[in-house]
Amino acid sequence: MYENPLQFTKKVIEHMLWSKTLIPTLKEVPAEAEALSHVLMLRAGLIRKLGSGTYSYLPAGYRIINKITSIVREEMNRAGAVEILMPALWPAELLKESGRLEAFGSDVIRFTDRHNRKGVLAPTHEEVVTTLVRDNVDSYKQLPLTLYQVQTKFRDEVRPRFGVLRTREFLMKDAYSFDTDLAGLEKSYQAMYDAYCRIFDRCGLDYVIVEAESGAMGGSRSQEFMVQSDIGDDKYVRCNSCGYAANVEKANIAGPQEPPPAADEANSGPDEVATPGARTIEEVSRFLNAAPERMIKTLLYEVGGRAVAVLLRGDHELNENKLLRALEGENPVAADAGFIEKVTSAPVGFAGPVGLSGSVDIIADKAVMQIEDGITGANKADFHLRGVIPGRDFRPSKITDLRVARDSDPCPECTRPMTLHHGIEVGHLFQLGTKYSDALGAGFPAADGGKKPYIMGCYGIGINRIAAAAVETFADEKGIVWPFEIAPFQVAVLCLDTDSPELMNAARRACNNLQENGIDVILDDRDERPGSKFKDAELVGFPVMVVVGKGYEKNGLLEVQVRSSAERLDMAEEELASEVLKLLDT
RNA sequence: CGGGGCGUGGCUCAGUCUGGUAUAGAGCGCUGCCUUCGGGAGGCAGAGGUCCCCGGUUCGAAUCCGGGCGCCCCGACCA
């Protein structure tokens with residue numbers, strides 16, 4: 001029998017010693033940090049900044065990252081995805097082929113190598129996987145296939161911020177599914193959806209799943225996993241009655257599409273009113289002393305050579321995604337001053353729907369049609385119209401939902417008011433369809449002999465963001481309170497007198513005991529005063545603290561402190577492991 | 001990209017406006033010794049700084065002027 005020399009090596013349990021690792025905690029708040037998670041991650045000695053949007057993960061911080069990636073890997077594998085590793089360094093040509101070099105624009109980090117070849121650092125990996133599968137999958141029998149990677153991605157963010165929350169270099173799990181048909185995609189998508197729920201549950205996060213735009217990723221269906229947080233860059237609305245949730249780019253808004261019964265026939269018709277120099281909603285509103293809610297904002301677009309006037313209530317904002325859908329795929333270009341003057345025969349700032357040439361297509365947001373005594377541009381320099389009644393004074397060719405959702409807007413499902421929240425996007429799911437397989441000529445030989453494009457999906461998780469989101473969510477005035485599964489160590493054993501062999505031995509026994517029971521433990525063996533040890537353990541946020549001090553000297557008892565509840569329990573050495581396991585299980 | 005702010009030991013900052021009082025300071029941290037030892041102790045001694053960089057003005061620059069770099073915040077942007 002083959003003898004493994006290592007098998008005779010005595011198995012020694014090594015526990016992490018605080019004195020031998022690097023956890024540089026800070027008492028003071030670093031000047032560069034504003035956001036809670038940023039401050040705490042720096043103070044707890046988890047991360048250090050190198051430059052704008054680039055961070056080192058120190059031992060404790062890296063353990064958190066590793067715990068998160070382990071969870072992600074377990075759940076990806078369980079969902080049937082297989083892990084690969086792909087280059088971050090690409091020929092620029094590859095990104096050009098899919099059309100995304102332009103789409104990403106200056107978000108892509110570019111460089112030129114010594115041979116004067118253009119290269120990019122991968123912002124995400126659709127192009128490589130797609131070509132990989134294109135060139136190496138021979139038959140539809142090998143499908144469906146879902147590949148994933150956990151890798152650093154690079155984006156030259158306009159504005160890195162909030163520490164690890166938005167960085168120029170970040171760790172991401174990305175999975176890519178390849179199917180032969182839409183039904184298959186649905187299945188692959190659902191498998192990822194389920195896996196994501198398990199992942200975020202295990203990470204201890206409270207999350208909301210919101211409908212999202214597929215945007216520049218192309219494709220049809222998209223959902224995002226949000227962790228509610230005031231510092232989140234993303235906004236979404238949620239209906240507390242029926243549970244509908246969508247990010248603001250996507251969120252639909254309920255509302256009647258017909259004008260209200262013409263109640264106000266007394267109104268004789270629009271009157272011109274002089275508004276010299278007042279061009280913006282705000283200016284006109286102030287000048288006429290009328291609420292912006294009564295204004296009809298007229299935005300002009302050039303769509304395939306013709307003019308389109310888009311109408312919104314003065315206080316509402318256009319959602320360009322909705323406009324895009326309303327135009328059924330035609331691409332709107334915001335009109336320039338020259339075009340506007342040509343169409344309205346007035347300078348910019350005085351456009352209105354009344355009396356526009358019949359060649360101008362008018363599209364109105366639902367809310368515009370509810371205005372009963374409106375104000376809008378007169379298509380005449382320095383004049384606006386008062387007493388405008390939609391439906392009577394102008395007739396849009398299309399009335400639909402065009403605006404960006406706001407707090408209290410009616411839910412599209414049940415019409416109850418929705419609430420607006422800020423969130424941290426920790427994960428997203430996209431149905432891509434054939435966008436990339438078409439662009440890159442990636443197809444499979446079908447059963448009938450022809451070649452068909454892969455139906456793709458892609459599914460991302462921001463690993464660093466999970467850590468930051470957890471800190472944002474779980475912290476108190478003392479520091480971080482890590483969820484058990486992603487804590488850098490589940491237990492910190494504090495030996496309060498490292499000069500006492502009795503206490504040090506007891507502390508080591510406690511560590512061994514816990515480790516033998518599968519618990520992650522760090523021993524604070526530093527020659528520090530007790531106060532510092534307590535403060536540090538609380539700052540870094542270990543879920544459980546085991547104190548070996550006076551209580552042990554006097555009557556052989558260990559003290560267990562629970563970080564989240566501040567609960568303290570004295571216990572004998574023999575019951576430590578089982579008691580701690582119970583605590584960690586909750 | 002617009003607006004604002006900052007750059008002085010490891011960290012937080014004072015000093016800059018009004019140049020020289022000066023061998024550039026404080027608190028925290030760090031090193032050594034003594035005392036202390038369950039919630040960031042006390043005493044004594046000490047180390048540690050190209051005052052972001054380059055140029056200019058001046059007898060003299062952390063301080064004034066010009067240029068550059070870096071960082072943070074607000075906004076715009078963001079698969």
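Naming: A, B, ... by sequence-line order, numbering from 1 per chain.
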Please report the distance separating the [atom1] of [N] from the corresponding atom of [M], rounded so that it comes out in whole Å.
N	M	atom1	answer
B:A14	B:G60	C1'	23 Å
B:C69	B:U21	P	34 Å
B:A26	B:A22	C1'	15 Å
B:C51	B:U8	P	11 Å
B:C64	B:U23	C1'	24 Å
B:U63	B:C34	P	45 Å
B:C52	B:U16	P	15 Å
B:A76	B:G3	P	16 Å

Reading nucleotides 27-39 of chain B from the 5' end, what letters show protein touch, with B for base, S for backbone sugar-phosphate only, - for no heavy atom under 4.0 Å?
BSS------B-BB

Going through the distances and angles, do A:Glu213 and A:Arg325 end up as a salt bridge (Lys or Arg N to Asp or Glu O under 4.0 Å)?
CA-CA 11 Å; A:Glu213 281 296 334; A:Arg325 271 194 294 274; 3.0 Å; yes

Partner nucleotide, any strand, of [N] [Watson-Crick/G-U, under 3.5 Å]:
N	result
B:A47	none
B:G19	none
B:C11	B:G27
B:G75	B:C1
B:G70	B:C6

Distance, rounded to the nearest Å, where [X] contributes [atom1] and [N] contributes [atom2]:
X	N	atom1	atom2	result
A:Arg100	B:C78	CZ	P	15 Å
A:Lys235	B:C77	NZ	C1'	13 Å
A:Ile109	B:C78	CD1	P	18 Å
A:Leu42	B:C11	CG	C1'	11 Å
A:Asp156	B:C77	CG	P	18 Å
A:Leu26	B:G10	CG	P	14 Å

Applying side-chain hydrogen bond (donor to acceptor under 3.5 Å, both in side chains), name anything that partners [X], two or more places apart in sequence or on another chain.
X	answer
A:Tyr207	A:Asp201
A:Asn252	none
A:Arg134	none

For residues 31-55 of chain A, which residue pairs pass the ring-ring contact (aromatic ring centres under 6.0 Å, His included) check, not counting sequence neighbours?
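Output for this query lists A:His38-A:Tyr55.
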
Would you kindly compare A:Thr25 and A:Met172 by the position of their nearest RNA chain B nucleotide and give the one closer to the 5′ end?
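It is A:Thr25 whose nearest nucleotide is closer to the 5' end.
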
Taking C-beta and beyond as the side chain, do A:Asp536 and A:Trp18 meet within less than 4.5 Å on heavy atoms?
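With C-beta onward as the side chain, the pair touches.
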
Side chains of A:Ile231 and A:Leu36: does their closest heavy-atom pair fall under 4.5 Å?
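No, too far: nothing below the 4.5 Å cut-off.
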
Shortest non-hydrogen contact from A:Ala470 to A:Trp482?
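Heavy-atom minimum between the residues: CB-CZ3, 3.9 Å.
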
By the 4.0 Å heavy-atom rule, please label A:Asp536 as base, sugar-phosphate, or nothing.
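Base, at least one base atom sits under 4.0 Å.
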
I'd like to check the side chain to side chain contact (heavy atoms under 4.5 Å, CB included) partners of A:Gln151; sequence neighbours left out, ordered by chain and number.
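For A:Gln151 the side chain to side chain contact (heavy atoms under 4.5 Å, CB included) partners, ignoring immediate neighbours, are A:Leu85, A:Met86, A:His125, A:Gln149.
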
Under the side chain to side chain contact (heavy atoms under 4.5 Å, CB included) rule, collect the residues that match up with A:Thr434, sequence neighbours excluded.
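Applying side chain to side chain contact (heavy atoms under 4.5 Å, CB included) to A:Thr434 gives A:Ser437, A:Asp438, A:Pro453, A:Ile455.
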
For the residue pair A:Glu169 / A:Thr152, report whether a side-chain donor-acceptor contact shorter than 3.5 Å exists.
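Short answer, no.
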
Check nucleotides 45-54 of chain B against the protein and report each pair of N or O atoms closer than 3.5 Å, with its distance, or say if there are none.
none

Among residues two or more places apart or on two chains, list those pairs meeting salt bridge (charged side-chain N to carboxylate O under 4.0 Å, His left out) that have a residue in residues 30-52 of chain A.
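Checked against salt bridge (charged side-chain N to carboxylate O under 4.0 Å, His left out) - neighbours excluded - the pairs reaching residues 30-52 of chain A are A:Glu32-A:Lys49.
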
Of A:Leu318, A:Asn319, A:Val404, the residue whose pairing with A:Leu312 passes side chain to side chain contact (heavy atoms under 4.5 Å, CB included):
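Per the side chain to side chain contact (heavy atoms under 4.5 Å, CB included) rule, the option paired with A:Leu312 is A:Leu318, out of A:Leu318, A:Asn319, A:Val404.
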
Between the protein and nucleotides 67-74 of chain B, which nitrogen or oxygen pairs are less than 3.5 angstrom apart?
from	atom 1	to	atom 2	distance (Å)
B:C71	OP1	A:Ser52	N	2.8
B:C71	O3'	A:Lys49	NZ	2.9
B:C71	O2'	A:Lys49	NZ	3.4
B:C72	OP2	A:Ser52	OG	3.2
B:C72	O3'	A:Glu32	O	3.4
B:C74	OP2	A:Arg159	NH1	3.4
B:C74	OP2	A:Arg159	NH2	2.2

Derivation of the salt bridge (Lys or Arg N to Asp or Glu O under 4.0 Å) call for A:Lys435 and A:Glu126:
CA-CA 10 Å; A:Lys435 173 173 167 151; A:Glu126 279 78 8; over 6 Å; no

Under the rule for salt bridge (charged side-chain N to carboxylate O under 4.0 Å, His left out), what residues qualify as partners of A:Glu573, not counting sequence neighbours?
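Residues passing salt bridge (charged side-chain N to carboxylate O under 4.0 Å, His left out) with A:Glu573: A:Arg509.
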
N/O to N/O distances under 3.5 Å, protein versus nucleotides 5-7 of chain B:
none

